[in-house]
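Computed from a prediction, not measured in an experiment: that's the story for all the values here.
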Amino acid sequence: MEIKGMFACGLEYEGQRHKSFTLRLPTMADVEKAIEAAQNEAGANACAARIDRHKWAACLSVDGIPAEKMNARLLAGLAAREWGVLKDAEDELVKKLVAASAAPAENCAAPSA
């Protein structure tokens, strides 16, 4: 599941600011890797924002930035207000997933009319 969004200030890459992004819903593996990477950087008490940055680096694509260049170090250059933009996008993805999960499942065994 993915969501498209726009940064308020943009992510700088090679002298240009890029605003349009796509964020996919993080997996448990993404979160585990983010926690480990953040702890490797900052020690056992890595802050939640650092963990989020590592998590989003695994789940984010930004128009105009090659996928192989997307990493937590690049995201560290975002304006602080962009944390809220990404958090809101992730929260919206969770709402979509919950809504999709609440929809009645189709009965595969029932013959179609």
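- In this structure the side chain of L74 reaches within 4.5 angstrom of the side chain of I65, judged on heavy atoms.
- We find the OG1-CD distance between T27 and E32 to be 8.0 Å, quoted to the nearest 0.5 Å.
- Note that CG of L86 is 9.5 Å distant from NZ of K55, once rounded to the nearest 0.5 Å.
- When every heavy atom of A57 is checked against every heavy atom of A72, the shortest pair comes out as CB-N, 3.4 Å.
- Shown here is M28, whose CE atom has no more than 12 heavy atoms of other residues, nucleotides or ligands within 6.0 Å.
- Annotation: the span from I51 atom CD1 to Q39 atom CD amounts to 6.5 Å, rounded to 0.5 Å.
- D52 CG to C59 SG: the interatomic distance, rounded to the nearest 0.5 Å, is 10.5 Å.
- Between the H18 side chain and the L11 main chain, no donor and acceptor come within less than 3.5 Å of each other.
- For the pair V85/L78, no side-chain contact is recorded, criterion being any heavy-atom separation below 4.5 Å from C-beta on.
- By the side chain to side chain contact (heavy atoms under 4.5 Å, CB included) test, K87 pairs with W56, W83, D91, sequence neighbours left out.
- In terms of heavy-atom proximity, A37 sits nearest to H54 at CB-ND1, 3.3 Å.
- Shown here is N40, whose CG atom has more than 12 heavy atoms of other residues, nucleotides or ligands within 6.0 Å.
- Contact detail for E90 and L25: the closest heavy-atom pair is O-CD1, 4.5 Å.
- In this structure, CD on E41 lies 5.0 Å from CZ on R50, to the nearest 0.5 angstrom.
- Across all their heavy atoms, E82 and G10 have their closest contact at OE2-N, 3.0 Å.
- A distance of 11.5 Å separates CD in E92 from CG in L23, rounded to the nearest 0.5 Å.
- No more than 12 heavy atoms of other residues, nucleotides or ligands shown are found within 6.0 angstrom of CZ on R73.
- Residue pairs that meet the ring pair (Phe, Tyr, Trp, His ring centres under 6.0 Å) test with at least one member in residues 20-52, sequence neighbours left out, are F7-F21.
- The minimum heavy-atom distance between Y13 and G64, with the atom names listed, is CD2-O, 4.1 Å.
- Between R24 and the options D30, L93, L60, a side-chain contact (heavy atoms from CB on, under 4.5 Å) holds for only D30.
- Tracing side-chain contacts under 4.5 Å through hydrophobic residues (I, L, V, M, F, W, Y), one reaches I3 starting from V94; they form part of the same cluster.
- A salt bridge between K69 and E14 is absent, with no side-chain N of the basic residue lying under 4.0 Å from a carboxylate O of the acidic one.
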